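This report concerns only the one structure given below.
By convention in this document, chain letters (A, B, ...) are assigned in the order of the sequence lines, proteins followed by strands, and residues within each chain are numbered from 1. What you see is a predicted model; the values in this text were computed from it and never measured.
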Protein chains: 2
Amino acid sequence: MRTYGQHCFIAKALDVVGDRWTLLIVRELLLQGPCRFTDLRNGLPGIATNLLSTRIKELEDAGLIYREAAPPPVATTLFHLTTDGRELEPVLEALGIWGVRYTTAQSPDEAFRAHWLGYPLRWFLHDNRPAAAVQTIQIVADDEPIVLTVDHGTITPRSGLTPHPDVTLVGGPDQILGLLTGMIDAKKAAAAGVAVTGDHRVLTRIRPTTLPPALAAAAATMSMP
Amino acid sequence: MRTYGQHCFIAKALDVVGDRWTLLIVRELLLQGPCRFTDLRNGLPGIATNLLSTRIKELEDAGLIYREAAPPPVATTLFHLTTDGRELEPVLEALGIWGVRYTTAQSPDEAFRAHWLGYPLRWFLHDNRPAAAVQTIQIVADDEPIVLTVDHGTITPRSGLTPHPDVTLVGGPDQILGLLTGMIDAKKAAAAGVAVTGDHRVLTRIRPTTLPPALAAAAATMSMP
DNA sequence: CCGTATCCGTGGAGATACTG
DNA sequence: CAGTATCTCCACGGATACGG
């Protein structure tokens, strides 16, 4: 492992997670929870399998992830974040918030996974009717579906489908982001190809918290096809 | 510039600042303020000049730093952070806080610059007598001296000397860190080679805020030679 | 199907010498 | 002082083949 050789907190951190792909592997495990090798590979389009293998080993040695030999229903090894690994969330959050300014409309040669968008929503949005009943939003973007659970002030994303969502959004990721952040209204979203079925009022329940100006701008432009 | 090609906030951020040395250049400009090429080189021991040159150009193109042709007293070009660049501070702060756990006693082959330690103090410490008069702490660690100004609740570091510090600390960086974080008392610090001259009570004025357990442990062990 | 190992082409990183 | 030029070498990316 190449190190900077500096007696500095930041350099030490980068010695551990500064290599290419490393933080993105942590991102996958943080956003998706425990993953199989193939899940990681799928969430990291472009990585070579040998490099993924190497990085996993390095992260294990550094104590950020560990391996679990999963019992029969899965019958494969699962990779988990350790506590040290999970504690990188503030770093990923700061990077994500800062990176919003470089996020433009999805380019055709860019890969996309719905959880890349879904999880960060909890850094940007909050539930402004915390006393109301739990509600769920089903999102179906390009690839896999995700569910947002709105409950007691916070928003929790997860992959998959929920049987009885209060509202379902189907459309492109940028347009759905524009709608969720309130940068475009339901009418414009419909014009941009977002199908909203169910109770529209859930959407007014979630509002940006510390929405960076850049996100507002990005969401607005991204939503216009 | 090699990109991940992912439509994801975090990946976008890493496309810009994920390359080797890039965040450390931002660190230098954030901690030291505007720098000459040589100042950067000195604050980044180990970097090759061509690589520093390349990274500076990339950061300029990305809009994170800009170049100023400084007038006669300096008579050289100064590199400044733009607003976008300065807004990386939360990222560096999160990295620094997380990186504390990997910080052990300074190894002889590790480079050290006092500002690497001094600036992050404002992330860990606060002034618990905000109503008191402004006080200054002169720190003389291995290399260049730094000054901490304690005023109205916050701690502001800068490089250089101050004419009449309330207290002066001379010693090794690890021992001074242990003393400032309260992990070792004045007696132990003296035994570890820290010379304290002036008003000791300034040191009880600054206290850890959200001191991560790791920092406590690190400071304690680092201070024992 | 899961994960590891190997080979190879390219480009970035590092060290050093050198110049406006 | 502020870089540029040159060279070497390893890391990365891609493909593929192999063992569990």
Open item on the list: How many whole angstroms separate atom CG of B/Leu52 from atom C1' of C/dG12?
Closed with: 15 Å
Open item on the list: Measure CZ/B/Arg36 against P/D/dG3 and give the value in whole Å, please.
Closed with: 12 Å
- [ ] Go along nucleotides 4-20 of chain D 5' to 3' and tag each nucleotide: B for a protein heavy atom under 4.0 Å from its base, S when only backbone or sugar atoms are that close, - otherwise.
- [x] BBB-----SSB-B----
- [ ] Ignoring backbone atoms, test whether B/Thr76 places a side-chain nitrogen or oxygen under 4.0 Å from the OP1 or OP2 oxygen of D/dC1.
- [x] no
TODO: Quick one: do A/Tyr4 and B/Glu110 satisfy side-chain hydrogen bond (donor to acceptor under 3.5 Å, both in side chains)? Show the steps, please.
DONE: CA-CA 9 Å; A/Tyr4 288 107; B/Glu110 268 180 348; over 6 Å; no
Open item on the list: Given 3.5 Å as the limit, does a donor-acceptor pair link the side chain of A/Thr77 with the main chain of A/Arg67, or not?
Closed with: no
Task: Of A/Leu52, A/Val17, A/Leu81, the residue whose pairing with A/Ile25 passes side-chain contact (heavy atoms from CB on, under 4.5 Å) - done: A/Leu52
Task: Whole-Å gap separating P (C/dG14) and CG (B/Leu24) - done: 11 Å
TODO: To the nearest 0.5 Å, tell me how far A/Phe112 CZ sits from A/Gln106 CD.
DONE: 6.5 Å
- [ ] Please report, rounded to the nearest Å, how far the P atom of D/dG3 is from the CG atom of B/Asn42.
- [x] 16 Å
Open item on the list: Under 6.0 Å between ring centres: does that hold for B/Phe9 and A/Tyr119?
Closed with: no
- [ ] Pick out which of A/Glu28, A/Arg55, A/Arg113 makes a side-chain contact (heavy atoms from CB on, under 4.5 Å) with A/Leu44.
- [x] A/Glu28
